[in-house]
Number of protein chains: 2
Amino acid sequence: MSDDIGSLDEGASPVEKFREFLVTKRQRLTREREIIVEEVFSSHEHFEPDDLIDRLSNRHDSRRVSRSSVYRTLALMEEAGLLRKVARPNGREVYEHDYGYPQHDHLICDQCGMLIEFHNEEIASIVERIASEHAFLRKSHRLEVYGTCADCRRPKQRRPRKLDLI
Amino acid sequence: MSDDIGSLDEGASPVEKFREFLVTKRQRLTREREIIVEEVFSSHEHFEPDDLIDRLSNRHDSRRVSRSSVYRTLALMEEAGLLRKVARPNGREVYEHDYGYPQHDHLICDQCGMLIEFHNEEIASIVERIASEHAFLRKSHRLEVYGTCADCRRPKQRRPRKLDLI
DNA sequence: CTAAGTGCAAATGTTTTGCAGAATC
DNA sequence: GATTCTGCAAAACATTTGCACTTAG
């Protein structure tokens, strides 16, 4: 189990990592929770609770999980550091993996909604410095840059001149 | 009205700034919208739609504004750059002024929910550099650092007597 | 004068919750 | 065997919308 592991969990599977988290909260790794974690980590796509619910609550086999359990488990997974939320330009938020995937942030296009991931060490260290200046214990951060992506910036040939001032 | 102003609106009041935005969308600055903007900018506190609704929809005088109009106007104000959203540790979001207030980011305490504002030039320029590397036109960003504030890190021996610090 | 906005109430969409029975440690 | 979970259905929320009336420009 989680004997003397400690920092060895770097290579642990998401399910293992989740189990360790649950142990600290005296909670259980049920079949349903395992199914949900597996489903979530079977793809790197961003997703909303409803996507998962579609995939898990409509089936009629032994891997069906109820809507409530999906919500309950997603909250736990976020708390466990397996998932984090990212904003979409439409004002909504989606989940993404926060485990087994390198730390990164996003450029978010307000035209087409595309998410561009990037990683930057400098930002991480500046953030760390600012945190310590405030005696703040940093656990994670979320940086989102809003604007327009290269594709959407290209002059749109001629669009029907809808706003030509009548 | 908005003749040749352009960049002069730096010092304009929130209501003026909003009016200029509305003009570009061929929309109107109604009495209700003006009341909402005034109410929002009468205090620097973070707030949720419901806070405003409490203050504006329950009154029985000429400054009453309906729930729908509050929602509709907040969305416009966000679009106009007067407001932006900030996450709270409880998974919710609140609005804060994004006009007439210096650009800043937040440290967010996951224990007590306190928001600590900070400003950092370096981050802004790194973000700008990353954006241009991706041919991304940066308009704004949001950086939130999650963790535990100094107060909450203190061993909880005795509850922090907050009134002692001044 | 007319396009745009308001208030209302109903509709929507999402997330949470109480509870009885089931599963886990 | 006690505690923790699950699934269900209902409840709770937060936000949006259709529509008749009102109003800004």
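A, B, ... follow the sequence lines: proteins, then strands. Residue 1 opens every chain.
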Heavy atoms under 4.0 Å, any strand shown: does B:Arg67 hit a base, just sugar-phosphate, or nothing? base
Hey, does A:Ser69 reach any base, or is it just sugar-phosphate, or nothing, if we go heavy atoms under 4.0 Å? sugar-phosphate
Taking atom [atom2] of [N] as reference, at what distance in whole Å does atom [atom1] of [X] sit?
{"X": "B:Leu76", "N": "C:dT6", "atom1": "CG", "atom2": "P", "result": "9 Å"}
{"X": "B:Glu34", "N": "D:dT23", "atom1": "CD", "atom2": "C1'", "result": "14 Å"}
{"X": "A:Ile53", "N": "D:dA9", "atom1": "CD1", "atom2": "P", "result": "15 Å"}
{"X": "A:Glu48", "N": "C:dG13", "atom1": "CD", "atom2": "P", "result": "13 Å"}
{"X": "B:Met77", "N": "C:dG5", "atom1": "CE", "atom2": "P", "result": "16 Å"}
{"X": "A:Leu22", "N": "D:dT6", "atom1": "CG", "atom2": "C1'", "result": "15 Å"}
{"X": "A:Leu52", "N": "C:dT14", "atom1": "CG", "atom2": "C1'", "result": "15 Å"}
{"X": "A:Lys85", "N": "C:dT14", "atom1": "NZ", "atom2": "C1'", "result": "12 Å"}

Return yes if the base of C:dA3 and the side-chain atoms of B:Arg28 contain a donor-acceptor N/O pair under 3.5 Å, otherwise no. yes
Quick one: is D:dT15 close enough that its OP1 or OP2 comes under 4.0 Å of any side-chain N or O from B:Tyr71? yes
Phosphate-side-chain proximity, B:Arg33 and C:dG5, N/O vs OP1/OP2 below 4.0 Å: yes
Side chain to side chain contact (heavy atoms under 4.5 Å, CB included), that's the test. Do B:His134 and A:Cys149 meet it? Break it down for me. CA-CA 8 Å; B:His134 289 268; A:Cys149 75; over 6 Å; no
Any donor-acceptor pair under 3.5 Å linking the side-chain atoms of A:Glu96 with those of A:His104? yes
Is it the case that A:His46 and A:Glu48 place a side-chain donor and acceptor less than 3.5 Å from each other? no
Would a single hydrophobic cluster contain both A:Phe118 and A:Val86, if residues Ile, Leu, Val, Met, Phe, Trp and Tyr are joined by side-chain heavy-atom contacts under 4.5 Å? no
Would you indicate which nucleotide in [options] comes nearest to any side-chain atom of [X]?
{"X": "B:Glu32", "options": "C:dC25, C:dT6, D:dT23", "value": "C:dT6"}
{"X": "B:Ser68", "options": "D:dT6, C:dC8, C:dT6", "value": "C:dC8"}
{"X": "B:Arg64", "options": "D:dT6, C:dT15, C:dC8", "value": "C:dC8"}

Check B:Leu52, B:Ile53, B:Ile35 against B:Val65 for a side chain to side chain contact (heavy atoms under 4.5 Å, CB included) and give me the one that passes. B:Ile35
Which is more 5' along DNA chain D, the nucleotide nearest B:Gln27 or the one nearest B:Pro49? Just name the residue. B:Pro49
Judged by each residue's nearest nucleotide on DNA chain C, which is more toward the 5′ side, B:Arg72 or B:Lys25? B:Lys25
